[in-house]
Peer 1: 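One structure, as structure tokens, below. Some questions next.
All chains are named by letter (A, B, ...) in the order of the sequence lines, taking the proteins before the strands, and each is independently numbered beginning at 1.
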Amino acid sequence: MHGYVSDEIAGKAYDSRLMRRLLQYLAPYKIQVVFSLLLLLLISLLQLVGPYLTKIAIDRYISHGISSGLNRIALLFFFVLLVAFILRFLQTYIMEWVGQRIMHDLRMNIFSHMQQLPLSFFDQNPVGRLMTRVTTDVQVLNELFSSGVVTIFGDIFTLAGIILVLFIMNWKLSLVTLSVVPLLFYATLLFRKKVRSSFRLIRKRIARINAFLQENISGMWVVQLFSQEAKKFRQFAHINWQYCQAYLKTIFYYALFFPAVEFISALAIAMIIWYGGSQVLGATLSLGALVAFIQYAERFFYPIRDLSEKYNILQSAMAASERIFNILDLAVDESYQQVPRQLPPLKGKVEFRNVWFAYQGEEWVLEDISFTVNKGEKVAIVGATGAGKTSIINLLTRFYQKNRGRILIDGIDIEELDAGWLRSQIGLIMQDVFLFSGSVEENLRLGNLELGQARLEELSRYVHLDQFISQFPRGYQTDVRERGSILSAGQKQLLAFARALARNPQLLILDEATSNIDPQTELLIQEALLKLMDGRTSIIIAHRLSTIQNADKIIVIHKGKIREMGTHEELLAQKQIYYMLYQIQYKDQKRLAPLPLATGNPSTNPASEKRKKKEDSK
Amino acid sequence: MILKELSPLFSYLSKHKKGIAVGCVWLILTNCFVLSLPWVLKYAIDGLKGGINSRALSFYASLILAVSLVAGVFRFLMRRGLIGISRKIEYDLRNDFFRHLQRLSPSYFNRTPTGDLMSRATNDLDAVRMLLGPGLLNLFNTIIISITAVSLMIYIDPWLSLYSLIPLPFLSLIINRMGKELYWRFERVQAHYSRLSAQVQENFAGIRVVKAYGQESDQIKRFRRSNLEFVSKNMSLVKIWGFFLPLMLLFSGMGMLIVLWLGGKAVIVNRITLGEFVAFNGYLIMLVWPITALGWVLNLFQRGATSMGRISQILQQKPDISNASHPIRVTSLRGEIELRNVIFAYEENSEPVLKGISLKIPPGSTLAIVGPTGSGKSTLVNLIPRLYDPTGGSLLIDGTDIRRIPLKILRRHIGYVPQEGFLFSDTIRENIALGKISFKEDEVMAAASASQILEDINHFPRKFLTQTGERGITLSGGQKQRVGLARALIANPRILILDDPFSQVDTSTEEAIWKSIREKTAGSTKILVTHRISSVRDADRIIVLSGGKIVEEGTHKELLARKGTYAELYRKQLIRQELEEL
């Protein structure tokens, strides 16, 4: 069974195990990635050209007054810029494409994986939290792939290129210039360390603010009732101030770091002027080379600063990917992995043999449940709230796994059956009818493309849904989410009936809704329900008087055990649990109209005829 | 538009006007020193060309160091000052936001999702902070650097300045064009992102149907379709966005090309010196980043303004329950409650939940309210501490309209025990003492003991100092209910309201609780809402609510004799109890 998936993660900045797993997603796009790296290499080279052209211009042309040479240099520079521009665009485009594709792959992976997780997982984790995995967390990774991983290489290429050119021009001056690099690294490291710990503090404190806020918003009425506004405000101001303080501390570090880097770069330039200048005076270095050195030195500091930016991207990406992989590592529902047994369509005999079930440990929700429902029988399950009725459905549909005993359908243990196949044979109608966004037709059809439009409408007429749908201007194409919801609770029930009927299931499982439905629709529902059950094995968690009265057999569940079984009359006569439940739950329900036991062709249905007449006379 | 949204910020800014002024001085000084660096370079290069001695060379080198050191100090002061102020304003704003929330009534929180308020307090506040910090800082910086750098460039050579700045207007034109297109495409990406999220949410929410109807692969197919569309929408954005940085770099490169080309020629014809040529180049480079950042800064302003608008929406929300303008002077209440034809609807134009309730509860008496779910029982008792105000009719306490009694006085005299005990993530002691401003330890103990929770608390690891909630232990429903009762009892309220508070407490404990309630609050008016008929037998009066109206009233005996709704409820209750025991 799957537990709660926590949001809390270790939060390491770099985790090689995670990184390796993430990089696997790059594999399908190897060619694009390699090509993009190649482009980056070229771009880095082209970036080096500018200062070098300056050197040539100064030394060869400006110093000697040859202005025609400048034209050539300018032209060359122009081409370099143009090519760099094109390559840069190409590189960005390719990497963004790869990033988007990886996001797509990841989202598909997570989504598909989640489809196969057992229901217990969804029962234990709030939807909002799960959504974050597919949406926000994946989005965070986008930055890592499109601008993170690959551009790091770009920065490294640029640094290496600059160092190389400097050494070629003048190795002594290069050594002097680059002597500030250790200082730079030291400053960056120190800064990282300081900032990392204070960022941790900030995250902790903002989490506290959010928790406090959340709690106080939902408990505001308690605060107000007990006139605690001032006290709660003081508490809030205090944690808010702590948060502000933590930030002021990082601001201090940032305010120190940026000028420090600038100072170090000024130090490099000062050394170039001082040492390079004396070389120029000694004629071992050209003036142009000196200028080029200064320009290169300025460019040297960008990638380093850039690299430290990447650190943040990496950190959040690691956190997001850990959360994602936690989901992907959850075992899928085993019932999906079975080889579907080739079976003829279900006949519909259901048997529970000494079934025990607990959602947790040994807290039994069902104890030693045994009953048989023969083909075509209508069975109603009744019991107080929490008696264990829904759990029976959860087991029969293999949403959950029983702990002991056997559940058989047509004499075959359902655990030998593929869950998907099993469910395809069952018409399950739940208390709250869930509609997917889309048209009425799509909701009736649910992916079954073989269902013709005519058949759809026929079904819909059969369950009295058609009269509502045909009133909509766009009929069956009407969007169910239009203006909130176009269907009333009762109409939704009818839709669920039609939806179940479309699969022509031999086994019908129904959890009756308790919501208030207007008497007219209620009558339609009762009629439709009778038709639906006709000739099918039906297991119904009953909330309607008419349902229990029409049932072949009623099973009374009380505190997880079957306590009584029999027909309505038999059980009433016993004057035991059923009798009591009847007094509490069913007795006061009014019968809306004499309900015909005959079912079949809707047009010959006397009840609907009668109702029609009633409506006409109004 | 932007200014209108941002206008509430001015009062926050003016609180720090001295700090901002000082910060701006630092900002100007920083730029003065930074901009003098290329000038030093100019002297050095020209000197080298003219053949200076190595002493002058070391002088220039140390000058560069000294200037950048001073610039660094100023930059440090500026960043710490200005960015620090933005954090302090964030602090003020968040406090004001919270304080304002505290004044809004429960009906406001009912119709506003918590997530929405949270996102305003976090995301939107952050966007405003970004505007105040990096936004304003970079804007000032860009303005000052542009003005000074361009003037210095013009000083060096007006024509060269003109030529090298030619690409800029083109750049801003192109960016403007692209910006609009970018905006639309970004909107489309965002819209599709919401659709994608909605699809995921729908799938997870309806997973039972998905599984029951074997829709897994169909759902995956649907998701793949919109996922692919999301990719293509993103790529259409990339087609424009991918041009941005390369284009910036192209244009800044073009500027340098022009300097190299025409500036070089100017040096050849001796219009400018080589040093000036180098300095000119330096200024141009200095301009690149601020101007590139301008787009980002504008974006920060746009976002910040939108977010400030969203925050203002909350801050301007008028509290619908507040003290009357002419409150009466009272310090204590007797506890007489009267309802005169009270009508209440949660929303305008919606069906009233209470449809004309008239009722008089003498001080010190006990009233029990029973009735089916949704009949308006909780709503009725929520009106007494003014969690909601009646839509029609009037509510009087001690003969005075409730709206004229100072809210604090009113609530201080009411002990309210809700259906579900709400606990704050705090110690149990603090949670109980919530009902009192100052308290003694033995008072907390007595309240806990009266609520039959003392024994449970003594079993907790740190007794009364045990943390509950988020980072502490989780109390059971029944325990929470009893803490809720202790919280109400500690204040010795004149009016005690019990809204079905013992639904999760077993019957024998409940009886013990009732005994101590009767002892502790002998003279108080008590109103009890309950499903358990067994606990209302002793009430002085019982009313039966149904569909927002009083359908029966009287004592237990009288009502039983009437054989109406109450008698039926009572009978069902007895059956239920019997069923419980089977």
Peer 1: Of all the heavy-atom pairs spanning A/Y93 and B/V238, show the shortest one and how long it is.
Peer 2: CD1-CG1, 3.9 Å
Peer 1: Should B/K239 and A/E96 count as an ion pair when the cut-off is N to O under 4.0 Å?
Peer 2: no
Peer 1: For the residue pair A/W221 and B/F109, is the inter-centroid distance of their aromatic rings smaller than 6.0 Å?
Peer 2: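 So the answer is no for these two rings.
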Peer 1: By a 4.5 Å heavy-atom criterion (distance strictly below it), what part of B/F277 contacts chain A: side chain, backbone, both, or neither?
Peer 2: side chain
Peer 1: At a heavy-atom distance under 4.5 Å, which candidate from B/K572, B/Q102, B/R411 has the highest pair count against chain A?
Peer 2: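 That would be B/Q102.
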Peer 1: Which bit of B/L196 comes within less than 4.5 Å of chain A, counting heavy atoms only: side chain, backbone, both or neither?
Peer 2: side chain
Peer 1: Examine whether an atom of B/Q215 lies under 4.5 Å from a heavy atom of chain A, and if so say whether it belongs to the side chain, the backbone or both; otherwise answer neither.
Peer 2: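 When you check distances to chain A, only side chain atoms of B/Q215 fall under 4.5 Å.
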Peer 1: Go through the atoms of B/L387 and report whether side chain, backbone, both or neither lie under 4.5 Å from a heavy atom of chain A.
Peer 2: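 Only the side chain of B/L387 comes within 4.5 Å of chain A.
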Peer 1: Between atom CE of A/M580 and atom CD1 of B/I575, what is the distance when rounded to the nearest 0.5 Å?
Peer 2: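 Nearest 0.5 Å value for the CE-CD1 distance: 7.0 Å.
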Peer 1: When rounded to the nearest 0.5 angstrom, what distance separates CG in A/N240 from CG in B/N95?
Peer 2: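 If we round to the nearest 0.5 Å, A/N240:CG and B/N95:CG are 4.5 Å apart.
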Peer 1: To the nearest 0.5 Å, what is the distance between OG1 (B/T122) and CD1 (A/I206)?
Peer 2: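 Spacing of OG1 (B/T122) from CD1 (A/I206) equals 7.0 Å.
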Peer 1: Is the ring pair A/W241/B/Y91 parallel, tilted or perpendicular, if the boundaries are 30 and 60 degrees?
Peer 2: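 Correct class here is perpendicular.
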Peer 1: So B/F98 and A/N216, do their side chains get closer than 4.5 Å, heavy atoms only?
Peer 2: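 Touching, per the 4.5 Å side-chain cut-off.
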Peer 1: Please state whether the side chain, the backbone, both or neither of A/N394 comes within less than 4.5 Å of a heavy atom of chain B.
Peer 2: side chain
Peer 1: Quick one: ring pair (Phe, Tyr, Trp, His ring centres under 6.0 Å) partners of B/F76, sequence neighbours excluded?
Peer 2: A/F252
Peer 1: Heavy-atom distance under 4.5 Å to chain A: side chain of B/S105, backbone, both or neither?
Peer 2: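 Backbone only.
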Peer 1: What residues, two or more places apart in sequence or in another chain, satisfy salt bridge (charged side-chain N to carboxylate O under 4.0 Å, His left out) together with A/R563?
Peer 2: none
Peer 1: Return the option, out of B/R224, B/E568, B/R80, B/R571, with the maximum number of heavy-atom pairs under 4.5 Å with chain A.
Peer 2: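 Heavy-atom pair counts peak at B/R224.
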Peer 1: Answer yes if the side chains of A/Q115 and B/N203 hold a donor-acceptor pair under 3.5 Å, and no otherwise.
Peer 2: yes
Peer 1: Please state whether the side chain, the backbone, both or neither of B/K88 comes within less than 4.5 Å of a heavy atom of chain A.
Peer 2: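 The answer is both parts of B/K88.
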